[in-house]
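Counting convention: from 1, in listed order, for ligands and their atoms alike. The structure displayed is predicted, hence computed values, not measured ones.
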Amino acid sequence: MIGRLNHVAIAVPDLEASCTQYSSILGAKVGKPQHEPNHGVTVVFIELPNTKIELLHPLGDQSPITSFLEKNPSGGIHHMCYEVDDILSARDQLIGSGARVLGGGEPKVGAHGKLVIFLHPKDFNGCLIELEQV
Ligand code: CO
């Protein structure tokens, strides 16, 4: 069902410092910050030859990243995103096998303008999984 690894998302307490680290120290191609008020995040994409890294920083008072950073003050891996061809059939298969889809199960438009769902981390070894329809 799942295809390529689309990105790994890392929550970061200092977005500018993390961008500098990835560009200057790790020598990666770092994009411009994108504010996503609907998701409560500012996102920076880092292009790697085989996947992307998504740096996430809280935006606004209701950000889902705020509590994550309270628990992980120096930042940490927030989720992995796998590609799927058909998000509705993937969702239905997953629900049929007992996995929990967050937020009521309806796909939403994610940070790349594509449909995404999130799967409960307790069902997947403590890892929050995002599925993105490509
Ligand atoms: Co993501």
Can you tell me if [X] has an N, O or S atom under 2.8 Å away from the Co ion (ligand 1)?
X	value
H78	no
E132	no
C81	no

Could you identify the N, O or S atom of E54 positioned closest to the Co ion (ligand 1)?
OE2

Which is the closest N/O/S atom of E130 when seen from the Co ion (ligand 1)?
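In E130, the heteroatom (N, O or S) nearest the Co ion (ligand 1) is OE1.
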
Enter the distance from L48:CG to Y22:OH here, rounded to the nearest 0.5 Å.
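If we round to the nearest 0.5 Å, L48:CG and Y22:OH are 8.0 Å apart.
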
Indicate whether any N or O donor in one side chain lies under 3.5 Å from an N or O acceptor in the other, for E132 and H7.
no

Cluster check V12, L26: I/L/V/M/F/W/Y, side chain < 4.5 angstrom:
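Yes, V12 connects to L26 through the hydrophobic network.
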
Just grab all the side-chain hydrogen bond (donor to acceptor under 3.5 Å, both in side chains) pairs involving residues 56-76, residues at least two apart or on different chains.
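Counting only pairs at least two positions apart or across chains, no side-chain hydrogen bond (donor to acceptor under 3.5 Å, both in side chains) contact touches residues 56-76.
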
Please check if atom CD in E16 has more than 12 non-hydrogen atoms from other residues, nucleotides or ligands closer than 6.0 Å.
no

